[in-house]
Amino acid sequence: MSEHSHLSTHCRVCGARIGAFMSFGRMPIANGFLTAAEIADEYHFELAPAFCSACSMFQLVEQPQPDRMFHGNYAFYSSTSRYMQAHFERFAQAVWSKFLAERSDPFVVELGSNDGIMLRHFQARGMRHLGVEPSVNVAQVARERGIETVSAFFGRTLAEDVERKFGKADAILAANVMCHIPDLPGVAEGVRRLLKPDGVFIFEDPYLGDMVAKTSYDQIYDEHVFIFSAGSVMRAFARHGLDLVDVAPQKTHGGSMRYTLAPKGSRPVSAAVGECLARERNQGLEYPETYLHFKQNCERSRDRLMSLLSSLRRDGKRIVGYGATSKSTTVTNYCGITPDHVEFISDTTPIKRGKLSPGAHIPVRSHDEFARAYPDYALLFAWNHADEIREKETAFLAAGGRWIVYVPDVEVIS
Ligand code: JHZ
Ligand code: ZN
């Protein structure tokens, strides 16, 4: 696959012509954990990001069909992290106290509600709620918890169905979901229709400013068709009569942004929006040259990581991966990490265990395997959960183990 992608297309938001500024090469489905027998049929596409200089939306030029990614065997269960559980409890609490507490019989809808990690806090208050979750296995976990969930992709038609059945929504929420949906205009239109005139649409996703600053290129994979900034979100939703009225940075997923939108003119715009837009201009997020620099940083990160892994292996050190994240599919396949570098990847998710990692085919094993015979080095693929993991793994360090991280820089930590 050539380094310089030939791929070009039209911006999913504004229709301007866009071209990839780099390619991460041939990639499998990031959550497509597989068995040895399935290797021959493994699906691949070219992972190549583009920046639209007309509306500043960062996006993939090619994304696999949604049902290749989200289906009855979706491998990511939101509730695997304790920190994320606490995060979504706080998110729900903030939405409740700021927007819903004073309303009579409010109705909240969450797009991509996964296993109910956030909605359960509304359900616990006896509130009217609905989750929309196309991956039926994770949706089923939510239903078993008593959370009302429909398994479908959200868009204009579903918005109309929901409105007919439940009425309009006081709040529509989405966390790590909006950046997954290629038809952003369709979703924005659905949201506008489903929202009450005084309702709010609040969503959060990994933030472009953090990705560029930290060279966390592993946020780029099939599911993340967009990486948002305040500027690109503001412009994309203005086309559909929704104002960006607030932004709030979040620590989750290595740096995220929470966006609050409301029907045009219905709410004052907080000072945080203007401040964030100014920061984005200073950081150069609106300029194509920024992404050429980002590309060089990705290449440097890859070279440093591979020379570290190769030299440790030459010295006979054992290296194990920690966290079979979606992000690690980009890292292993872009950098060329193989089972010769990384013996296996430790992960707590039952559905991933006993499988091979997508593309690189590194075995995924239980955490017990990791703890049974600590390796010399653990390559921290779940770097966004570093605090939680390092708290749990003090025995690994005490046994002389060391962490390898690559965000923001390639480093060994003991
Ligand atoms: P984690 C997923 O990304 C996919 P991923 C998705 N596209 C997205 O946007 C974000 O989530 C929200 C394991 N683990 O959270 C569990 C341990 O083994 O970084 C998970 O497999 N031990 C929807 O996949 C993985 O690591 C632990 O102690 O990049 C973490 O995946 C902890 C904390 C996690 O998301
Ligand atoms: Zn555009």
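Computed from a predicted structure; not experimentally measured. First listed ligand is number 1; within each ligand, the first listed atom is number 1.
- Close to ligand 1: Tyr74, with a non-hydrogen atom less than 4.0 angstrom away.
- Contact analysis leaves Met84 out of contact with ligand 1, as no non-hydrogen atom separation drops below 4.0 angstrom.
- Between the side chain of Gln123 and the backbone N or O of His129 there is no donor-acceptor pair closer than 3.5 Å.
- Annotation: cation-pi geometry not satisfied between Arg128 and Phe166 (NZ/CZ under 6.0 angstrom from ring centroid, within 45° of ring axis).
- Residue His224 has at least one nitrogen or oxygen atom sitting less than 3.5 Å from a nitrogen or oxygen atom of ligand 1, judged on distance alone.
- In terms of modelled atom types and a separation under 3.5 Å, the side chain of Glu388 and the main chain of His385 share no donor-acceptor contact.
- Below 4.0 Å from some heavy atom of Lys352 lie the following atoms of ligand 1, by number and element: 20 (C), 21 (O).
- For atom 35 (O) of ligand 1, the nearest non-hydrogen atom of the protein is Phe76 CE1, 3.5 Å.
- Distances below 4.0 Å separate heavy atoms of Lys392 from the following atoms of ligand 1: 27 (C), 28 (O).
- Near Thr349, meaning under 4.0 Å from one of its heavy atoms, ligand 1 places the atoms 16 (C), 20 (C), 21 (O).
- With ligand atoms numbered from 1 in the order given, ligand 1 contributes 9 (O), 12 (C) to contacts under 4.0 Å with heavy atoms of Asn176.
- For ligand 1, the atoms closer than 4.0 angstrom to any heavy atom of His180 are 6 (C), 7 (N), 8 (C), 9 (O), 23 (C).
- By the criterion of a heavy-atom distance under 4.0 Å, both the backbone and the side chain of Thr348 are placed next to ligand 1.
- With a heavy-atom cut-off of 4.0 Å, Asp347 touches ligand 1 through backbone and side chain alike.
- Phe33 has its side chain out of reach of Ile351: every pair of non-hydrogen atoms, C-beta onward, lies at least 4.5 Å apart.
- Residue contact check: Thr80 has heavy atoms under 4.0 Å from atoms 16 (C) of ligand 1.
- Taking 4.5 Å as the limit, every side-chain heavy atom of Phe203 sits out of range of all side-chain heavy atoms of Arg258.
- Under a 4.0 Å heavy-atom criterion, His367 is not in contact with ligand 1.
- Within the structure, ligand 1 has Tyr221 among the residues with a heavy atom less than 4.0 angstrom away.
- Looking only at heavy atoms of the protein, atom 15 (O) of ligand 1 is closest to His385 NE2, 2.7 Å.
- The shortest contact between atom 31 (O) of ligand 1 and any protein heavy atom is with Thr325 CG2, 3.5 Å.
- Of all heavy-atom pairs spanning Ser366 and Arg353, the tightest one is CB-CD, 3.3 Å.
- Ion pairing between Glu46 and Arg26 fails under the 4.0 Å rule for side-chain N and carboxylate O.
- For atom 10 (C) of ligand 1, the nearest non-hydrogen atom from the set Glu223, Arg390, His253, Glu393 belongs to His253.
- Residue contact check: Gly323 has heavy atoms under 4.0 Å from atoms 26 (O) of ligand 1.
- Nearest heavy-atom pair, His44 versus Pro28, reported as atom, atom and distance to 0.1 Å: CD2-N, 3.7 Å.
- With a heavy-atom cut-off of 4.0 Å, Asp205 does not touch ligand 1 at all.
- Closest protein heavy atom to atom 5 (P) of ligand 1: Ser326 OG, 3.3 Å.
- Listed by number with element, the atoms of ligand 1 under 4.0 Å from a non-hydrogen atom of Asn384 are 1 (P), 15 (O), 19 (O).
- Taking the charged nitrogens against the carboxylate oxygens, Glu299 and Lys295 do have a contact shorter than 4.0 Å, which makes a salt bridge.
- The existence of a salt bridge linking Lys251 and Glu204 is excluded, since no basic side-chain nitrogen approaches an acidic carboxylate oxygen closer than 4.0 Å.
- Note on ligand 1: Arg82 sits outside its first shell, no heavy atom being nearer than 4.0 Å.
- Salt bridge Glu343/Arg318: present, at least one basic N to carboxylate O contact under 4.0 Å.
- Pro206 approaches Gln219 most closely through the heavy-atom pair CG-OE1, 3.7 Å.
- A salt bridge links Lys214 with Asp210: the distance from a Lys NZ or Arg NE/NH1/NH2 to an Asp or Glu carboxylate oxygen falls below 4.0 Å.
- Annotation: angle subtended at the Zn ion (ligand 2) by Cys55 SG and Cys14 SG is 110°, to 10°.
- Residue contacts with ligand 1 for Lys327 involve both N, CA, C or O and side-chain atoms from C-beta outward (heavy atoms, distance under 4.0 Å).
- The backbone N or O of Gly209 sits less than 3.5 Å from a side-chain atom of Gln283, completing a donor-acceptor pair.
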